[in-house]
Amino acid sequence: MPASLVVGVTGGIGSGKSALTERLAAHGIAVVDADLASRVIVEPGRPALVAIAEHFGADILNSDGALDRAALRAQVFADPEQRRWLEALTHPLIGEEIRAQLAAAESPYAVLVSPLLLESAQRQLADLVVVVDVPEEVQVQRTMARDANDEAQVRRIMAAQMTRAQRLEQADIVVDNTRPLAELDSLAEELHREFLARAEAARS
Ligand SMILES: CC(C)(COP(=O)(O)OP(=O)(O)OC[C@H]1O[C@@H](n2cnc3c(N)ncnc32)[C@H](O)[C@@H]1O)[C@@H](O)C(=O)NCCC(=O)NCCS
Ligand SMILES: Nc1ncnc2c1ncn2[C@@H]1O[C@H](COP(=O)(O)OP(=O)(O)OP(=O)(O)O)[C@@H](O)[C@H]1O
């Protein structure tokens, strides 16, 4: 039976979306990840990768023919016009991939985790919006600790996303993730029980 409820989880880069959704997945909940979908649609052999190589030049590919993500990241976050070109190509395909994965989700509720849930048509796929929230300085610190991005690069990515205030305005549920990960464990437990109850109510 397909999921009766889709919980959208969003938040800025490094806010802790994956940390939260991993905890829901541990209960057997299907998690559809927009960042992973965005990788599938540019795998070698896919038409989107050909279009990217035509637009940005063959240097945007690694020697094995796969997308050089760091090179593309540097280009699109330095130039909003190039980012919009890439989004116009990829977002419809990412949307299709997400829809297919959600349709195949078998758990009582499904999670759609996406950094751009509220900036894109993906919003229409979610029945409720959970925003994972931390102050911007915490986003920068945690992202730099996780990735090989310097501070200026992280801030450029954040500038391409909605502001914290805009995101919070659209939240049905806000998850404060400023505290240690152990606290996220208990928050995720509570949320899982609430989502199960809402999914049950949606089914009847
Ligand atoms: C530019 C690319 C190649 C960089 O790849 P890379 O492996 O370095 O990063 P990854 O895809 O894991 O994204 C990391 C984070 O960057 C942020 N981010 C990615 N794309 C965007 C974007 N278009 N606008 C704002 N923030 C973005 C998100 O917070 C995301 O979690 C890649 O992000 C991409 O193809 N982006 C365009 C597609 C897209 O909008 N994806 C976001 C999910 S819908
Ligand atoms: N409460 C917390 N305390 C300490 N570290 C945390 C906490 N939550 C998440 N982190 C760490 O911060 C980093 C960013 O978290 P995570 O990868 O879950 O963010 P994200 O929102 O999924 O990011 P992205 O948008 O880049 O996909 C990770 O290294 C994660 O382990």
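Whatever order the structure lists ligands and atoms in, that order sets their numbers, starting from 1. For the numbers below, each heavy atom of this structure counts, side chains included, while hydrogens, waters and symmetry mates do not. Values in this document were obtained by computation on a predicted structure and should not be read as measured data.
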Student: Tell me if a side-chain donor or acceptor on Lys17 pairs with a main-chain N or O of Gly12 at a distance below 3.5 Å.
Tutor: yes
Student: Is there a chain of hydrophobic side chains (I, L, V, M, F, W, Y, each step under 4.5 Å between heavy atoms) that links Val7 to Leu24?
Tutor: yes
Student: Using atom types as modelled and distance alone, determine if a side-chain donor or acceptor of Gln161 lies under 3.5 Å from a backbone N or O of Ile13.
Tutor: yes
Student: Any idea which of Asp35, Thr143, Ile13 brings a heavy atom closest to atom 30 (C) of ligand 1?
Tutor: Asp35
Student: Show your reasoning for whether side chain to side chain contact (heavy atoms under 4.5 Å, CB included) applies to Met144 and Asp147.
Tutor: CA-CA 5 Å; Met144 283 169 60; Asp147 301 336; over 6 Å; no
Student: Starting from atom 23 (N) of ligand 1, find the nearest protein heavy-atom neighbour and note its residue, name and distance.
Tutor: Glu87 OE2, 2.7 Å
Student: Looking at atom 4 (C) of ligand 1, what's its closest protein heavy atom, distance included?
Tutor: Arg73 CB, 3.8 Å
Student: For atom 38 (C) of ligand 1, grab the closest protein heavy atom and report residue, atom and distance to one decimal in Å.
Tutor: Thr90 OG1, 3.6 Å
Student: What's the shortest distance from atom 7 (O) of ligand 1 to any protein heavy atom, and which residue and atom give it?
Tutor: Arg69 NE, 2.7 Å
Student: Applying a 4.0 Å heavy-atom criterion (strictly less than), which segment of Leu86 is in contact with ligand 1: side chain, backbone, both, or neither?
Tutor: side chain
Student: Which heavy atom of the protein is the closest neighbour of atom 26 (N) of ligand 1, given with residue, atom name and distance?
Tutor: Gln161 NE2, 3.0 Å
Student: What's the shortest distance from atom 19 (C) of ligand 1 to any protein heavy atom, and which residue and atom give it?
Tutor: Phe77 CZ, 4.0 Å
Student: Nearest protein heavy-atom contact for atom 1 (C) of ligand 1: which residue, which atom, what distance?
Tutor: Val76 CG2, 3.7 Å
Student: Run the side-chain hydrogen bond (donor to acceptor under 3.5 Å, both in side chains) check on His91 and Gln122 step by step: do they pass?
Tutor: CA-CA 9 Å; His91 282 190; Gln122 292 166 23; 5.8 Å; no
Student: Using only atom types and a distance under 3.5 Å, with no angle test, would you say the side chain of Ser4 pairs donor to acceptor with the backbone of Ala199?
Tutor: yes
Student: Please report which non-hydrogen protein atom sits nearest to atom 10 (P) of ligand 1, along with the residue it belongs to and the distance in Å to one decimal place.
Tutor: Arg39 NH2, 3.8 Å
Student: Distance under 4.0 Å, heavy atoms only, partner ligand 2: which residues pass?
Tutor: Gly12, Ile13, Gly14, Ser15, Gly16, Lys17, Ser18, Ala19, Asp35, Arg142, Arg146, Asn177, Arg179, Pro180, Leu181
Student: Do Arg83 and Glu119 sit within salt-bridge range, that is, some charged N less than 4.0 Å from a carboxylate O?
Tutor: no
Student: Check His91 against ligand 1 and report side chain, backbone, both or neither, counting heavy atoms closer than 4.0 Å.
Tutor: side chain
